[in-house]
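Order of the sequence lines sets the chain letters (A, B, ...), proteins ahead of strands, with each chain counted from 1. Side-chain atoms are counted along with the backbone in the values below, which use heavy atoms only and exclude waters and symmetry mates. This structure is a prediction, so every number in the text was calculated from the model and none was measured.
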Amino acid sequence: MSLTPYEFSTVPRLRKLQVINSLRKGARIDGRGFEDYRKITIELGTIPKAAGSALVRIGDTTVLVGVKTEIGEPYRDRPLEGVLQVHAEFVPLASPTFEPGPPDENAIETARVIDRSLREPRAIKLEELTIVPGRKVWIVFNDIYLLDHNGNIVDTSMLATMAALRTARLPRVVSVEGDTVIIDKSTREKPLPVQLSVVIVSVAKINGYLLVDPNIDEESVLDAKLMIGVDEKGRIVGMQKTGQRSFTRSEVDQAIELALKKAGELHTFLNQALAGR
Amino acid sequence: MSLTPYEFSTVPRLRKLQVINSLRKGARIDGRGFEDYRKITIELGTIPKAAGSALVRIGDTTVLVGVKTEIGEPYRDRPLEGVLQVHAEFVPLASPTFEPGPPDENAIETARVIDRSLREPRAIKLEELTIVPGRKVWIVFNDIYLLDHNGNIVDTSMLATMAALRTARLPRVVSVEGDTVIIDKSTREKPLPVQLSVVIVSVAKINGYLLVDPNIDEESVLDAKLMIGVDEKGRIVGMQKTGQRSFTRSEVDQAIELALKKAGELHTFLNQALAGR
Amino acid sequence: MSLTPYEFSTVPRLRKLQVINSLRKGARIDGRGFEDYRKITIELGTIPKAAGSALVRIGDTTVLVGVKTEIGEPYRDRPLEGVLQVHAEFVPLASPTFEPGPPDENAIETARVIDRSLREPRAIKLEELTIVPGRKVWIVFNDIYLLDHNGNIVDTSMLATMAALRTARLPRVVSVEGDTVIIDKSTREKPLPVQLSVVIVSVAKINGYLLVDPNIDEESVLDAKLMIGVDEKGRIVGMQKTGQRSFTRSEVDQAIELALKKAGELHTFLNQALAGR
Amino acid sequence: MMHEKPILIREDGLRHDGRKPEDLRPIKMRVGVLKNADGSALVEFGKTKVIAAVYGPREAKPRHVALPDRALIRCRYHMAPFSTDDRKSPAPSRREIELSKVIREALEAAVFTELYPRTTIDVFIEVLQADGGTRTTGLTAASLALADAGIPMRDLVAAVAVGKVDGVLVLDIDQLEDEYGEADMPVGIMPNLGEIVLLQLNGVLTPDEFRKALDLAYRGLKEVYRLQKEALYRKYYSGY
Amino acid sequence: MMHEKPILIREDGLRHDGRKPEDLRPIKMRVGVLKNADGSALVEFGKTKVIAAVYGPREAKPRHVALPDRALIRCRYHMAPFSTDDRKSPAPSRREIELSKVIREALEAAVFTELYPRTTIDVFIEVLQADGGTRTTGLTAASLALADAGIPMRDLVAAVAVGKVDGVLVLDIDQLEDEYGEADMPVGIMPNLGEIVLLQLNGVLTPDEFRKALDLAYRGLKEVYRLQKEALYRKYYSGY
Amino acid sequence: MMHEKPILIREDGLRHDGRKPEDLRPIKMRVGVLKNADGSALVEFGKTKVIAAVYGPREAKPRHVALPDRALIRCRYHMAPFSTDDRKSPAPSRREIELSKVIREALEAAVFTELYPRTTIDVFIEVLQADGGTRTTGLTAASLALADAGIPMRDLVAAVAVGKVDGVLVLDIDQLEDEYGEADMPVGIMPNLGEIVLLQLNGVLTPDEFRKALDLAYRGLKEVYRLQKEALYRKYYSGY
């Protein structure tokens, strides 16, 4: 069951005024322009024991993604494909408002939006993850771990996911006899078959203004937000509106235009970070 | 853990008086006689995608039952029989007092009372649901979905269950090779092997009066209730006392006599409804 | 998540004073010396349907342990060993402060401390519980059931566990064909391969005094407690500090000396009880 | 494994364990067996062994569940993992949830809950060994534990299951008779008042058989009631 | 089993079920179908069948969740176990949790929650039969149930999914088109205001396709909105 | 797969990774690594990597858990799904529940909880990569995070595990030594006071070995303590 979040009702009026007054003057409370991301950093290989990993910061928002692989069975309706599982945990370490417990609707939504933005354009060639057709395939777990929540979790998580997946390597398959697959867990050999890079650009609407990469103060007062997945070819590969208010059609059109532009920059930044390793 | 229900303590005294005063005058608050059911309607095939389904109303109490079938393994101690599973959900849509969550003790009791009234007299020939002896059998899920709760859930649910089961058809088994069973889910062929029809008549005791089919106001003030399963041969195939007070022996005898009489009527009604399809 | 227990803050000051004043005078509130256990009784075979069972009382603290066995699969990293599972339930029957629900941190800690004190010194020859190497082994469930909680649950539970395990017998294996193992559950034949006896001595620290077998009043005011597993050879086979305060090094040394001494007595007592059957 | 149905009524008319159809199993009852609980009882019917404890009347926890005009009864029927043939998972099963309700309702009819508004009376039943009739043994034990806790009741509750096996109505069925018999009918009554507080039927009976089965239950429950009173007497009057 | 992809757009340009790309499925709407609920509606798009009920505004339970300045909306999207091809476990799936949120947020934008501070408005959506478009059908039904409950709204919410199948943009996709198509885009709007309250895209579209798909949705939603008003009219003005 | 036991103590007396028995692994500590938390620290012992955050003292939630005379400590030790060799399910395991308790009790002994009655101090420990000694690394990090949050303590807590491998007592065992060794003994102390706040033994030791193992732990903890103070100094006095 989904409930109106308590926070929505209790944002201090003053903060709301500050955010909006700032926008009216054409700037944001932290001084950025409407189309500016905060500073982005990408650290690769943070968790050497994982198949792939990346720590990404957008401003003070910090997400660690670890990719693990294991041998398992394919889904019954996809016997010739490996399995990708995307999970997100918002651990209580990351925010004074988080409590321990199973993933809440926000963590689930984050994981599922990212999952679909990977799955729908077939960013990973899952068919190359088959070992014994119909019986044994690679299961790829992409675990999103939010360490510090200061707004725009989804864009940060998508970047960290992409960086972790694109640098992930599968262990060596030592032998396959019937259904018995032996792997050498200590190895990292074949790269994960990632054939397409995807980023997500979230566009927030606050009092009629559209802006990218909302920080946590902006998120607390926004009317609505559009999370837009864009692949390296400039196609829209996923979208999700969130927030308690609406968009007009022309706002949606503007948001998409903005997202396509920023997505190009994010793709370039990500490629550079990966090239630099 | 089972707790005294809060409602029991907070029924308005006025309602209690109304119900009882009415009974003293030989009638019930809604004008019925002690031995009268509310109006019953049976709609068959409400959910065409299910193997069988029925929507039954007794007065304003509305229950939808859907029967699904799948291939699975038999219970270890019943290797030559199919599996029947009866579940009941009291979704919050159905009453202002219901909350979302796993089935509570009332839903569980309802499902189990109905399950036993089917299982004990072998209403379904489970042995005919075997596909590969000891390995593969039909699993039959009978899901009871309460949509509107206005009293006497169990009698309504049993009628809907019986109507759904008796009209259910199994998909075609396309091939069996070893343990691999292929079915064509789009088909509905062999009827479910139902060999015996069962109904449940609930007799309520209020201030010493016995009456059938209590409505929700009567249920809120009743002393005790006897749910009596009766098959088409007039045998008692299940029984459960509920409620926070007791029955005398002679009250039990009267309740059974009443149940046997009303059960005959319910069987006739059900048979007519099924013949009319 | 672990929380400071509420009880810790709300122990009546008077009780604390009584316990401490008593210790100052060299005795304990129930008249025992610092190194005295309360009266211990061991009843064997309380649950004849279990493979082994024992009801042990230390003072009024009562623990019932039942051992069940079944056929199952070995752990993947221990293909040639049977499986031992130790669980503890603190059912609400046992104390006015217990509530129904899954095992809390205290029950889990108790089970795990006992589990390790058995597992680390290989008290049970798990390799003798293999039936089909890599495929089928005996699973041994050691269920600790606390019936009356009056302090020192762990020592009592360990004694009951040891008594139950040492008297447990496995059912007869009737036949093994491939992975299919048939057993005759009604039999009790081969003793469980217990090769080493272990006891736990808990030493409490209250206001600087060290004492064994704290009763429930003493537990409610203790600073810290050291649970020390000792095998029949006088080796330390497990240890766990609990409680919200600290030990000095020399207190730890004294506690161990005390534990070694009392462990010898417990071993003797246990052996006598088992010999007397 | 599927087993062949064993013979439940032998040629001499006796049951598989030598009892006559109208015989109870050997019964043991002991009151006041736990120190912490306000009341407690251990009851055995043959190999079935159940312990019950009562806490209360005490403050309702959490407070908002308290009832303004009576005590709230909280009842849990629970089986120890080692009580059954195959180890039982400790998580409450649907069966245990149903039986907790059925037993609670039986006790509600007996306890003068209206004497203790805003309090809770907790009844915890633990099945230590199950060999048929655990709910009736549990209910019998629970009513003793309530009496031991000094909680006023209209009457004790005595309970037993009757069954139909190989076509014969028998008293106090055990697990084997339950498993392979044609009907299992647990009955709980307040013997002095003659009133029925628990009644279930799992199986098939003709109306006539049902009446005879209920007669048989009443007859057995007279003896159960006698043993209950004796157990209370032993604790409270004999200094035992 | 993996099935071969069926033909979704036939040679004659029609869809597998004979519809034109811009056709809706046959739609049924009925308001006030439940007695207990304060408002309710049953909506069918083809074989997809969803019932929604609204309770409230009523006292928030538990009280501490209440909001000082508006009504709290609680929303549950839930699928009946028999609604799907394979039986669905009754426990809420991750998908159901996400959709409950997405639908709640769509309704928040429409309801004047500020009129009822400290209360709860409960929206319960039950999918009875799923054949594609259950979230949009559910949102459409929920907004009717809110209207039936007399809760003031800026506008009704009408919702439908557009999709891309065999390269063609089509309106109101069903399960087969969802499963084998290239994109599924659920859209919910307040038709009179023209504003978008729900928007998801599962699939791949070029920016140009996206705009055309949204156009198609708006066109279909005009008709959905008309049917919604008609259903309300039938209940409230025609005595039906 | 079962692996053969590797050689843990080489012929030259060194350990599998080249350390001497009394050597710690390379240690990194960084304080104040998170923005939201009131205090935080990242600590690495070799490949083991743990982050800890502290929130509080703050209002207890829910309020009824608050203690009248001291702060309530809530402590969670948790492993990231990617921290272990095989992916770990996010649901708390029995091991994590036990370690949360053991670590909480170690911290209770150090924190002046009596200074903040009715509040909560939350300690969240996340194991990011596990290679042996995660609980001691976590406790070490937690005490730094508490210091970083400005919460008064009797002393910092420094922790390390000693072990017995191939018959030799060694300091700061890693995962391989834990898995194939004979004993693992985590020790947490307040170094300045010399008091023990955490002590566990998983394995078999003679009383004499136990004393020597404890000596070894104390020796190593002197160095850990020095590094802790250095890390705090770096943040608070060096402007780093």
* Taking the side chain as C-beta and beyond, is there a heavy-atom pair between A:Lys68 and F:Thr84 under 4.5 Å? ->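 Contact flag for A:Lys68/F:Thr84 side chains = no.
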Q: May I ask you to test the A:Pro48-F:Gln129 pair for a side-chain heavy-atom distance under 4.5 Å?
A: yes
ask   = If you count heavy-atom pairs under 4.5 Å between each of F:Ala52, F:Ser40, F:Ala80 and chain A, which one has the most?
value =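 So the answer, after comparing F:Ala52, F:Ser40, F:Ala80, is F:Ala80.
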Is it the side chain or the backbone of [X] that comes within 4.5 Å of chain A heavy atoms, both, or neither?
| X | value |
| --- | --- |
| F:Ala130 | backbone |
| F:Asp38 | neither |
| F:Asp122 | neither |

Note: A:Leu93 and F:Leu34 closest approach over all heavy atoms is CG-CD1, 3.7 Å
Heavy-atom nearest pair, A:Pro92 first then F:Arg76, reads CD-NH2, 3.5 Å
* Could you please spell out the steps behind the side-chain contact (heavy atoms from CB on, under 4.5 Å) verdict for F:Arg87 and A:Asp143? => CA-CA 10 Å; F:Arg87 180 186 185 257; A:Asp143 279 292; 2.7 Å; yes
In terms of heavy-atom contacts, does [atom1] of [X] have more than 12 from other residues, nucleotides or ligands at under 6.0 Å?
| X | atom1 | answer |
| --- | --- | --- |
| A:Arg135 | CZ | no |
| A:Glu189 | CD | yes |
| F:Leu14 | CG | yes |

Heavy-atom contact with chain F under 4.5 Å, split by part of [X]:
| X | value |
| --- | --- |
| A:Ala94 | backbone |
| A:Leu64 | both |
| A:Lys49 | both |
| A:His149 | both |
| A:Thr46 | both |

*If you count heavy-atom pairs under 4.5 Å between each of A:Ser53, A:Ala50, A:Pro96 and chain F, which one has the most?*
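Highest number of heavy-atom pairs under 4.5 Å: A:Pro96.
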Interface check, chain F: of A:Thr69, A:Leu147, A:Thr62, most non-hydrogen pairs under 4.5 Å belong to A:Leu147
Please check: side-chain N/O of [X] versus main-chain N/O of [Y], any donor-acceptor pairing under 3.5 Å?
| X | Y | result |
| --- | --- | --- |
| F:Lys35 | A:Thr61 | no |
| A:Asp148 | F:Asn36 | yes |
| F:Tyr55 | A:Ser95 | yes |

> How are the rings of F:His78 and A:Tyr145 set relative to one another: parallel (under 30°), tilted (30 to 60°) or perpendicular (over 60°)?
Replying inline: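 It falls in the parallel class, under 30°.
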Discussion item. If you apply the rule side-chain contact (heavy atoms from CB on, under 4.5 Å), what do you find for A:Glu89 with F:Glu126, and how did you get there?
Written reply: CA-CA 12 Å; A:Glu89 273 192 85; F:Glu126 294 290 340; over 6 Å; no
- Query: Among all residues two or more places apart in sequence or in another chain, which pass the salt bridge (Lys or Arg N to Asp or Glu O under 4.0 Å) test with F:Lys28?
  - Reply: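 For F:Lys28 there are no salt bridge (Lys or Arg N to Asp or Glu O under 4.0 Å) partners, ignoring immediate neighbours.
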